[in-house]
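The shown structure was predicted, so the numbers you read here are calculated from the model rather than taken from an experiment. Chain identifiers are assigned alphabetically (A, B, ...) following the order of the sequence lines, protein sequences preceding nucleic acid strands; residue numbering begins at 1 within each chain.
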Amino acid sequence: MITIAIDDTSPVPPFEQIRAQLAAAIIHGAVTSGTRLPTVRQLAADLDVAPNTVARAYKRLEASELIKTSGRHGTTVADTRPGPGARAAAIRNAASHYLNEVLRLGGTVEEAMQAITSARPKRQTAAR
Amino acid sequence: MGMWVQALVAPLVALLVLWRGLRRPADREARRWAERFRVDLDNHVELVRARLGRGRRVRAMFVAAGVVVAGLPPYANLIDPHRSASFANPLVGNAWLYSAALGALVAEIFVVQRPTRHEAALQARRVGDYVDLRFARAIYASVPLATAAAVVATALEWWRWWYGWVGVAGTIIATLTATVGLRGLVNRPALVPAGTLRGIDDALRADGAFRLVGSGFALAAASVAVTLPQEASRGWWGLITIAGSLLSLFGLAMWWTLARDARWSVAAARAAS
């Protein structure tokens with residue numbers, strides 16, 4: 001069973017944590033296309049957060065075309081092949097998480113960029 | 001003497017209902033419950049006993065109050081026989097069914113349950129996971145049925161016109177209690193996202209759903225029976241009176257079956273949907 005969790009100690013706002021985890025689950029195929037998601041009220045109650053927090057996350061996911069909402073059928077996962085918008089949003093999201101983690105460890109933006117650059121040649125070497 | 005006996009029946013029945021309702025469910029009752037809803041109790045027997053006991057207490061108090069109200073006519077007969085007839089109407093007579101439906105609603109929507117951590121399963125909860133939707137639909141269908149019967153009864157028996165509309169009100173109340181109760185039950189926070197306790201949580205919701213629908217069904221059936229024309233039923237039309245009585249009995253039988261004997265698996269219902 002796929003679960004999402006909110007880390008109270010993280011500087012990332014709860015709605016962004018929800019959005020990010022749902023987006024990752026959808027993009028990686030852990031939640032398949034057509035799967036019905038909990039309603040805003042249900043997910044908010046289960047996570048013990050305000051309904052607006054979940055609603056905000058769902059709105060962003062809908063804008064990224066990862067989910068779709070129709071009144072009668074509730075909220076369902078859209079076609080899992082992410083469009084260009086969803087792909088770009090997922091990349092931005094991953095970068096945002098990485099940067100937040102570096103800052104939390106006391107690093108700087110420059111150090112974060114340097115680490116990405118130094119990681120890059122090794123990945124390309126491994127790919128060959 | 002007979003009047004005293006009649007007047008004492010309702011309070012005695014109310015006391016019996018309270019006595020049964022205030023008892024904490026026994027261990028074997030909890031295990032039988034787990035077998036009905038196909039869950040593994042593991043080491044959560046006490047939690048299940050506490051939750052079932054709480055629901056039982058709330059419902060019993062409401063039913064007992066309704067039984068006392070339903071016993072007003074014989075009691076009024078003791079005080080002032082000339083006025084007792086004003087209490088002999090379907091609203092008072094079915095008071096215990098109204099209160100049973102309200103009690104089932106209160107028992108479900110006022111459950112205080114907070115998640116133990118900020119973690120949730122990505123699994124939608126729907127009413128159909130917890131109860132067969134045909135019963136809920138039957139309750140909803142009782143409203144137009146009762147309305148049609150009330151219109152006919154008012155046309156045939158204008159001197160007791162309000163009886164029919166009391167019946168319509170009863171079906172509306174049955175519909176509202178079932179709808180609000182089922183929604184509240186479905187949207188109640190989950191205790192945990194996964195594991196045995198989640199299965200128990202789902203089974204408790206299903207138990208509540210069956211009791212909501214059962215009491216709503218009984219109220220709806222009795223209310224439809226009340227709308228049927230009574231005094232104009234001569235000759236073959238007298239079958240209408242028999243049909244009304246049978247309908248009420250059927251409603252009660254369904255309530256009993258749904259609340260005590262129905263078997264249900266939330267996991268199987270989810271897989272089938």
Side-chain angles (χ1 to χ4, degrees), chain A residues 1-10 12-51 53-55 57-58 61 66-78 80, chain B residues 39-40 42 108-131 133 136-137 140 179-206 208-209 265-273:
Chain A
M1 171 110 44
I2 308 296
T3 60
I4 58 173
I6 292 179
D7 181 1
D8 290 332
T9 62
S10 169
V12 179
F15 83 88
E16 176 57 30
Q17 292 186 48
I18 295 168
R19 191 208 64 78
Q21 289 176 64
L22 270 170
I26 293 168
I27 289 170
H28 293 124
V31 183
T32 55
S33 168
T35 302
R36 191 164 172 156
L37 296 175
T39 62
V40 167
R41 272 181 84 173
Q42 281 178 24
L43 192 54
D46 290 354
L47 288 170
D48 200 17
V49 297
T53 304
V54 175
Y58 273 21
L61 286 165
L66 289 172
I67 65 173
K68 50 187 180 182
T69 304
S70 73
R72 186 180 164 78
H73 301 289
T75 304
T76 52
V77 175
T80 50
Chain B
V39 287
D40 181 14
D42 203 14
E108 291 311 315
I109 66 172
F110 288 111
V111 172
V112 177
Q113 179 168 301
R114 288 197 74 176
T116 51
R117 48 187 189 258
H118 294 303
E119 192 176 349
L122 282 184
Q123 185 172 61
R125 290 193 291 276
R126 294 186 284 187
V127 174
D129 296 343
Y130 303 108
V131 72
L133 287 175
R137 288 184 195 128
Y140 303 149
T179 305
V180 174
L182 289 171
R183 272 184 200 256
L185 181 157
V186 163
N187 290 329
R188 186 192 306 158
L191 276 173
V192 290
T196 309
L197 197 50
R198 183 171 174 101
I200 290 173
D201 187 21
D202 278 335
L204 285 167
R205 291 173 205 258
S265 165
V266 175
R270 279 198 177 120
S273 65

*Asks:* With sequence neighbours excluded, tell me which residues meet side-chain contact (heavy atoms from CB on, under 4.5 Å) with A:Ala44.
*Replies:*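 Per chain and number, A:Ala44 pairs via side-chain contact (heavy atoms from CB on, under 4.5 Å) with A:Val49, A:Pro51, A:Val54.
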*Asks:* In terms of heavy-atom proximity below 4.5 Å to chain B, should A:Leu22 be classed as side chain, backbone, both, or neither?
*Replies:* side chain
*Asks:* What are the sub-3.5 Å donor-acceptor pairs between chain A and chain B, distances to 0.1 Å?
*Replies:*
residue	atom	partner	partner atom	Å
A:Ile2	O	B:Leu122	N	2.8
A:Thr3	OG1	B:Glu119	OE2	3.2
A:Ile4	N	B:Ala120	O	2.8
A:Ile4	O	B:Ala120	N	2.8
A:Ile6	N	B:His118	O	2.9
A:Asp8	OD2	B:His118	NE2	3.4
A:Gln42	OE1	B:Arg125	N	2.9
A:Gln42	NE2	B:Arg125	O	2.7
A:Asp46	OD1	B:Arg125	NH1	3.4
A:Asp46	OD1	B:Arg125	NH2	3.1
A:Asp46	OD1	B:Ala190	N	2.8
A:Asp46	OD2	B:Arg125	NH1	2.9
A:Leu47	O	B:His118	ND1	2.6
A:Asp48	OD1	B:Arg114	NH2	3.0
A:Asp48	OD2	B:Arg114	NH2	2.5

*Asks:* Mind checking what makes side-chain contact (heavy atoms from CB on, under 4.5 Å) contact with B:Val39, not counting sequence neighbours?
*Replies:* B:Trp33, B:Ala34, B:Ala203
*Asks:* Work out which heavy atom in B:Ala121 is nearest to a heavy atom in A:Pro38; give both atom names and the distance.
*Replies:*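 B:Ala121 and A:Pro38 have their closest heavy atoms at O-CG, 3.9 Å.
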*Asks:* Which region of B:Val192, side chain (C-beta onward) or backbone (N, CA, C, O), has a non-hydrogen atom less than 4.5 Å from a non-hydrogen atom of chain A, or is it both or neither?
*Replies:* neither
*Asks:* If you compare all heavy atoms of B:Ala120 against all heavy atoms of A:Leu43, which two are closest, and at what distance to 0.1 Å?
*Replies:*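 Scanning both residues, the minimum pair turns out to be CB-CD1, 3.7 Å.
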